[in-house]
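Taking it in order: structure first as structure tokens, then the write-up.
All heavy atoms count here, side chains included; hydrogens, waters and symmetry mates do not. Keep in mind that what you see is a predicted model, and the values were worked out from it rather than measured.
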Amino acid sequence: MDSTSIEEVMNVMREFFPSHASIAIADTKEFIFYQPSNQIDLHIQNGDLVKEGTATHKALSTGRKVTEFIDPSVFGIPYYGMSMPIREDGKIKGAVTAILPEPPSSFLTNYLTIKKGECWYPVKQESVLFLETQFRKTLVKTDSIEGYHRLNLSELELFLTPTLFVRCHRSYIVNIDFIHEIQPDSHSTFLLIMKNGTRIPVSQRYASYFRRSLGF
């Protein structure tokens, strides 16, 4: 990742995460940026290898968002990590990780604010059927309203409730509660029939993760 990409990521992180969160950015092997906070500091240095057992390593190895408690055996300090893979042209190029002293649920909101026309509307995450990439923005669809969130799909994924949402395609994240039926589609992919009738593909890239997430 170049310096422009890092700055774009940091602009999002600074806006949505509290000041007591430390931020780490890694490529596929080592950390390339670290900003400690005054409440928790893992003393990461640029060039440090990504350790096995860290939230960053788990995000890189699984290719999915990780939100979990990391015990002190890794860095000597317990922390809550929220880590998201960074993809370019469909390939994992690194990960961005928020390092927190308390569970992320203490500051993540249960609402997404979307824009429709000239107005903004807060919608509960649990009411969202699916999210779709459109025109470099994210279309947020509920039964009663749809509108655009200003973050792109990968940026917004970091702030979604992990027990509700699952990534199934580079262009789609779905709310598991609104999946009506999962149909086989070719040899290793699936087609989702949502409760409102929308048909959403599960791409080959996300098929294994999707199956693990839903336990089948």
Donor-acceptor contact present, side-chain Ser22 to main-chain Ile40, <3.5 Å
yes
Considering only heavy atoms from C-beta outward, does the side chain of Asp177 approach that of Leu164 to under 4.5 Å?
yes
Tell me, do Lys141 and Thr198 make a side-chain contact under 4.5 Å, heavy atoms counted?
no
NZ of Lys116 to CD of Glu146, rounded to nearest 0.5 Å, is 6.5 Å
About how many Å separate CZ of Arg136 and CG of Asn152, when rounded to the nearest 0.5 Å?
8.5 Å
Leu156 side chain reached by Leu112 side chain, heavy atoms, under 4.5 Å
yes
Side-chain hydrophobic cluster, 4.5 Å single linkage: members besides Phe135:
Leu139, Tyr148
Could you measure the distance from the CD1 atom of Ile173 to the CD atom of Glu157? Nearest 0.5 Å is fine.
4.0 Å
Residue pair Met84 / Ser154, side-chain heavy-atom distance below 4.5 Å:
no
Does Gln39 have more than 12 heavy atoms from other residues, nucleotides or ligands lying within 6.0 Å of its CD?
yes
Do the side chains of Val128 and Tyr111 join up, straight or via other hydrophobic residues, at under 4.5 Å, putting them in one cluster?
no
To the nearest 0.5 angstrom, please state how far the CD atom of Gln125 sits from the CG atom of Asn110.
5.5 Å
Quick one: hydrophobic cluster around Val66, which other residues, with the 4.5 Å side-chain cut-off, linked directly or via members?
none
For Lys65, what residues pass the salt bridge (Lys or Arg N to Asp or Glu O under 4.0 Å) criterion, not counting sequence neighbours?
none
So, do Phe31 and Thr97 sit near enough that their side-chain heavy atoms are less than 4.5 Å apart?
no
Kindly indicate whether the side chain of Ile70, heavy atoms from C-beta on, has any atom under 4.5 Å from the side chain of Thr54.
no
How many angstroms lie between atom NE2 of His180 and atom CG of Asn196, to the nearest 0.5 angstrom?
11.5 Å
Looking at Pro122, is its backbone amide N or carbonyl O close enough to the side chain of Thr113 to form a donor-acceptor pair, meaning the two atoms are under 3.5 Å apart?
no
Other members of the hydrophobic cluster containing Ile193, with the 4.5 Å side-chain heavy-atom rule, please.
Leu191
As an exercise, state the distance from NZ of Lys29 to CG of Asp48, rounded to the nearest 0.5 Å.
15.5 Å
Report the hydrophobic cluster partners of Leu214, with the cluster defined as I, L, V, M, F, W, Y residues connected by side-chain heavy atoms closer than 4.5 angstrom, directly or transitively.
Leu129, Phe130, Val166, Tyr172, Val174, Ile176, Phe178, Ile179, Ile182, Phe190, Leu192, Met194, Ile200, Val202, Tyr206, Tyr209, Phe210, Phe216
For residues 59-80, which residue pairs pass the ring-ring contact (aromatic ring centres under 6.0 Å, His included) check, not counting sequence neighbours?
Phe69-Tyr80
